[in-house]
Protein chains: 4
Amino acid sequence: MLIVMRTDATPDEIDGACRAVRDLGLSPHPIPGKSRTAIGITGNVGPVDPGQLSGLPGVVEVIRVTRPFKLTNREMKPDDTHIHLGGLTIGGPDLIVIAGPCSVETRDQTLGVAREVKKRGAQILRGGAFKPRTSPYAFQGLGAEGLHILAEARAETGLPVISELMSTEDADLVEQHVDIIQIGARNMQNYALLRRAGQCRKPVMLKRGIAATLEEFLLAAEYIISQGNHDVILCERGIRGFSDFSRFTLDISIVPELKRITHLPVFVDPSHAAGRRELVIPLARAAIAAGADGIMVEVHHDPKKALSDGAQALTLPMFEQMMGELHAIAPVLRRR
Amino acid sequence: MLIVMRTDATPDEIDGACRAVRDLGLSPHPIPGKSRTAIGITGNVGPVDPGQLSGLPGVVEVIRVTRPFKLTNREMKPDDTHIHLGGLTIGGPDLIVIAGPCSVETRDQTLGVAREVKKRGAQILRGGAFKPRTSPYAFQGLGAEGLHILAEARAETGLPVISELMSTEDADLVEQHVDIIQIGARNMQNYALLRRAGQCRKPVMLKRGIAATLEEFLLAAEYIISQGNHDVILCERGIRGFSDFSRFTLDISIVPELKRITHLPVFVDPSHAAGRRELVIPLARAAIAAGADGIMVEVHHDPKKALSDGAQALTLPMFEQMMGELHAIAPVLRRR
Amino acid sequence: MLIVMRTDATPDEIDGACRAVRDLGLSPHPIPGKSRTAIGITGNVGPVDPGQLSGLPGVVEVIRVTRPFKLTNREMKPDDTHIHLGGLTIGGPDLIVIAGPCSVETRDQTLGVAREVKKRGAQILRGGAFKPRTSPYAFQGLGAEGLHILAEARAETGLPVISELMSTEDADLVEQHVDIIQIGARNMQNYALLRRAGQCRKPVMLKRGIAATLEEFLLAAEYIISQGNHDVILCERGIRGFSDFSRFTLDISIVPELKRITHLPVFVDPSHAAGRRELVIPLARAAIAAGADGIMVEVHHDPKKALSDGAQALTLPMFEQMMGELHAIAPVLRRR
Amino acid sequence: MLIVMRTDATPDEIDGACRAVRDLGLSPHPIPGKSRTAIGITGNVGPVDPGQLSGLPGVVEVIRVTRPFKLTNREMKPDDTHIHLGGLTIGGPDLIVIAGPCSVETRDQTLGVAREVKKRGAQILRGGAFKPRTSPYAFQGLGAEGLHILAEARAETGLPVISELMSTEDADLVEQHVDIIQIGARNMQNYALLRRAGQCRKPVMLKRGIAATLEEFLLAAEYIISQGNHDVILCERGIRGFSDFSRFTLDISIVPELKRITHLPVFVDPSHAAGRRELVIPLARAAIAAGADGIMVEVHHDPKKALSDGAQALTLPMFEQMMGELHAIAPVLRRR
């Protein structure tokens with residue numbers, strides 16, 4: 001259910017509506033919009049009787065929301081969510097490119113790549129400090145030291161940084177050092193982690209699980225938002241299929257569908273989807289052409305020496321070519 | 001195996017090399033290129049001893065082809081295959097758009113849609129006369145009458161037409177009336193049909209089976225080409241997955257991979273992949289951005305009345321919007 | 001729609017009901033049952049008004065059939081379909097085992113395997129004469145010669161034989177020589193072939209397409225039955241998935257579901273599903289335990305020398321072990 | 001790598017070999033077997049030079065283990081892992097049946113079901129206290145109170161209990177109250193949770209992720225075992241596919257493959273795989289016939305009133321029927 005308030009509703013009227021929702025044993029979620037506030041209602045098992053709410057002061061109407069996801073639903077909040085990060089706006093007209101190494105390996109490597117991608121137009125730096133690895137015997141990332149290196153790279157280049165949070169134990173540390181908290185595909189239904197991320201004061205990029213449906217993906221985002229953190233970025237990164245030529249199958253169709261039914265920014269990670277650098281640039285172009293707000297790619301100054309996922313990292317000349325092509329496509333989508 | 005001939009090899013030398021291949025019990029396939037002829041060799045179970053061929057007059061070298069597909073392989077023929085159709089070149093720098101109704105339903109409907117899509121820039125008309133339907137009780141197409149309507153639409157608009165061939169029995173009839181023969185996804189491994197299409201003198205568009213790997217797809221094309229018909233267009237139309245929002249999962253990644261490893265034109269059919277018109281335009285943009293040579297879309301002047309697949313047909317205003325956007329993206333890919 | 005006739009309805013009354021159906025522009029399909037005849041109705045787009053039929057002489061009631069498949073539907077024909085073949089009954093209480101080589105390679109090989117599997121309890125001999133091969137360059141089977149060898153094996157051992165029909169052109173030849181016509185997974189939606197098989201007077205085993213849903217599978221069977229051939233055996237042979245240890249993913253769950261919603265016999269082919277002989281016996285046991293009417297397995301006297309699919313063929317000792325285990329499980333399912 | 005010790009190797013010799021492994025910067029994992037001890041080695045990036053270890057006192061040979069999973073690998077430990085729980089042995093000749101409600105809902109419901117399933121032969125009681133739910137708005141389980149109810153049910157019936165651990169925060173609590181700790185499919189790659197479970201002193205049942213390959217599944221088990229907890233039970237519970245009749249696709253083939261390549265007990269959960277009770281009994285029979293050591297099923301005394309997953313819970317008469325059939329199949333597999 002959604003309570004739509006009048007454009008001139010007072011804070012008291014909004015409070016009053018929230019109180020009335022609570023009196024019914026439900027949870028109110030005020031959602032400020034461009035011209036008016038709406039109040040999402042969750043916690044109901046069956047439908048709520050709108051009559052109990054529609055007569056309250058400042059209330060225009062009470063609408064039934066038909067999908068199981070509520071706070072991520074464009075029916076609840078028609079305006080795009082804009083996430084502000086320094087001078088950047090994610091989810092707005094600017095095309096956003098996140099780039100950097102798969103793993104933070106050394107200070108030199110990370111700062112080197114950071115400088116080079118910034119020079120070529122990247123707006124955010126990525127780099128894994130805590131690395132989810134299929135095998136317990138593989139390189140697991142530098143951990144806290146990796147976060148310090150990322151912070152140093154930000155200090156030098158001015159690029160905000162994104163890095164993955166893998167466990168609730170590390171949440172304080174990660175929140176303190178990064179500008180965007182990444183939740184990886186393997187943890188898309190790790191509900192304790194989603195709830196903890198929902199209590200952070202930093203934006204969260206949620207990657208789609210490798211076999212998650214659209215509904216499961218949005219309900220995972222709902223776990224975060226229902227804890228009070230509205231700044232969620234959705235990221236498609238390829239689903240599991242039977243491909244004999246790519247590591248995962250990039251589900252490009254989810255991009256326009258997500259843009260249609262949610263108000264959240266939508267990104268694509270072509271590097272993990274493809275698993276091979278030859279495919280990354282065409283997939284990045286396809287992502288932007290399909291309507292994504294941005295992409296996240298892996299770049300390495302010397303991919304053959306990468307400690308993880310070297311085969312999918314773009315070289316610097318490839319990254320430069322990609323940036324040129326993406327910016328040529330962006331205006332077709334009314335992006336800058 | 002592939003025999004590369006000298007640029008100045010004479011027809012006699014090429015004949016001689018073919019004869020030597022036949023003497024080994026194998027099949028030679030001369031592949032004329034821009035600057036020289038190559039001769040593909042098929043029929044060998046194990047590797048062929050190159051020594052028996054490399055010393056022949058006019059032969060530069062004999063190369064082992066490492067993939068099971070041979071005649072579709074760019075290793076065998078580095079130049080893009082160009083298919084000439086009236087004034088059109090498929091697989092060249094022009095972006096090609098095939099449009100029309102799912103089924104030929106009536107003369108008026110087909111001619112009406114043909115005129116409208118031509119006016120908005122479509123270069124080829126599609127329309128199903130023989131319709132593969134999951135249920136034996138569903139509308140199966142107008143058959144021969146449908147082909148006559150398509151021929152009439154071509155006569156009036158000048159657009160070449162493409163329609164599906166579903167059985168060897170209809171091959172003469174279909175070949176006579178259409179300009180491009182379509183083999184549908186359900187028949188991608190109907191080998192009798194592929195062989196028959198390989199004996200036609202018209203180009204063939206081969207749609208990918210809903211669960212075909214890249215290798216299976218190319219080996220299906222190989223069935224056609226090995227019968228002597230080199231004019232094959234590959235078409236991605238979505239694969240089966242677990243999607244809860246689209247009918248199939250468009251495998252956009254196969255587009256750049258096919259362009260990389262084969263010389264054949266690559267098309268995308270976003271209409272069947274999505275199953276819903278809201279997604280068709282973004283997917284068409286993604287296809288062109290990923291490097292496809294063209295797209296095939298369903299357009300209906302009144303989608304709600306369509307006898308088949310109405311939900312996925314673009315309206316005329318949507319088609320017009322799409323054409324504008326595709327032509328804005330094309331130059332990024334050095335297309336017109 | 002389904003017309004249920006009285007147990008004592010006369011042939012004239014049945015004819016009359018069929019005539020009434022035809023008068024409505026629809027097709028009647030009389031389905032004789034144990035105690036009474038029912039008449040399936042197909043050809044209607046929307047629901048038929050039962051009032052037009054329920055008052056006819058000999059009619060008990062007119063029932064709406066809710067699924068798109070009609071003639072395969074147990075709602076239409078509650079009794080199991082029994083297919084009689086010599087002394088065998090397929091779909092009845094006997095556990096049926098079809099065994100033999102993947103391909104008919106030589107007379108000696110085929111007769112040799114036939115004798116050995118018969119000795120160990122196989123009731124039907126399999127062997128490919130026309131072989132669907134992914135590559136046009138792979139061994140395509142002996143064709144007509146293979147059929148003659150199979151006929152000879154039948155003459156010597158008394159085992160009925162099953163072999164694949166791949167194209168309508170070969171239908172007369174195949175129908176003449178085999179006892180059961182197999183339609184392979186690649187041709188499950190080759191509708192011309194299904195219709196032709198529906199005109200044959202021999203039972204048809206229809207293998208599930210590698211990405212066919214249950215509904216698509218049954219509608220393919222419906223193509224055959226709607227041509228008048230009611231003797232259809234359904235065969236699960238593995239679906240395409242992401243497995244890193246088996247060639248296909250055996251969808252064991254479809255066995256009990258098919259037994260529940262159709263009246264047709266259900267078989268399982270564990271050899272093609274697994275692609276590796278180590279898994280064939282456990283999967284055969286699982287198939288029978290799940291309720292399959294029988295299994296079809298590949299057996300080779302010397303698998304390492306097989307011209308096709310040697311890795312999945314059981315050796316003779318393995319076949320013998322399997323037969324013992326299957327017959328120990330069968331009584332749990334009230335089978336012999 | 002694996003060091004095989006002599007049958008009469010002394011504890012000192014085993015210690016010496018472990019020390020030598022540590023001196024190489026690697027981790028030794030002593031694996032006691034029936035007749036001799038082996039020492040698994042992990043932590044090496046490339047191959048280890050066996051010469052450094054093969055000459056040590058008490059060492060028979062040093063073997064290269066070819067798969068990325070080590071401690072779960074039957075090459076490392078040929079004997080089946082037996083997990084002892086009260087008088088039960090999991091992974092031995094006894095067929096083990098775990099049964100109970102999806103969620104612990106009330107004391108009466110849980111104790112009632114516990115008594116009834118015990119009476120019909122279940123050896124272990126299941127029941128969710130912490131429930132992973134796709135939606136944040138769905139019933140999340142009773143938490144600690146649910147664990148107390150389970151403990152009470154154990155006290156009364158003598159059945160050991162299994163319940164799911166969803167977050168590291170609850171690990172102490174769950175470990176204290178349950179006899180087997182379950183890690184659910186959604187958390188199969190929640191590495192912090194796997195590591196924490198590896199530090200527990202209770203056996204762990206690890207459910208396969210919905211799109212996990214066999215290798216990923218075993219490497220997840222490896223995370224647990226490499227922390228020192230060797231008592232891991234693997235559980236197949238269905239993978240995501242395109243089924244139009246079951247919630248997930250039970251991958252029955254993984255059962256014999258896991259039994260072949262690992263020494264761990266293998267279970268199947270047909271309830272979650274099917275999502276519909278009509279399919280549960282045939283799938284349970286198939287699981288045992290394929291070689292599973294046991295099954296886990298949901299049973300509810302009144303499925304229509306279940307707070308979660310009611311459609312897949314067996315009724316008590318169905319459970320009784322299933323037990324009879326499983327025990328009739330078990331002897332074929334040399335089980336009791």
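Source: prediction; values computed, not measured. Residue numbers begin at 1 in each chain, while the letters A, B, ... track the order of the sequences.
- Here the closest non-hydrogen pair linking B:Tyr223 and C:Thr134 is CE1-O, 3.5 Å.
- B:Gln189 contributes atom CD, which lies 13.0 Å from atom CE of C:Met188 (distance to the nearest 0.5 angstrom).
- Both the backbone and the side chain of C:Arg133 come within less than 4.5 Å of a heavy atom in chain B.
- C:Tyr137 and B:Ser226 make their closest contact through OH-CB, 4.1 Å (heavy atoms, listed as atom of the first residue, atom of the second, distance).
- Considering C:Ile210, C:Thr213, C:Ile239 in turn, C:Thr213 is the only one that fulfils the side chain to side chain contact (heavy atoms under 4.5 Å, CB included) rule with B:Arg240.
- Interface residue B:Asn190: backbone and side-chain heavy atoms are both found under 4.5 Å from chain C.
- Ranked by heavy-atom pairs under 4.5 Å with chain B, the list C:Met166, C:Gln140, C:Lys70 is led by C:Gln140.
- For the side chain to side chain contact (heavy atoms under 4.5 Å, CB included) criterion with B:Pro136, the lone passing option out of C:Leu194, C:Ile225, C:Ile224, C:Leu219 is C:Leu219.
- For C:Ala212, the part lying near chain B is the backbone, with the side chain staying farther off; criterion is any non-hydrogen pair under 4.5 Å.
- Contact count against chain C (heavy-atom pairs under 4.5 Å) is highest for B:Ser135 among B:Ala192, B:Ser167, B:Ser135, B:Ser27.
- In this structure, B:Leu193 CG and C:Leu193 CG are separated by 11.0 Å, a value rounded to the nearest 0.5 Å.
- Within the 4.5 angstrom heavy-atom criterion, no atom of B:Glu215 approaches chain C.
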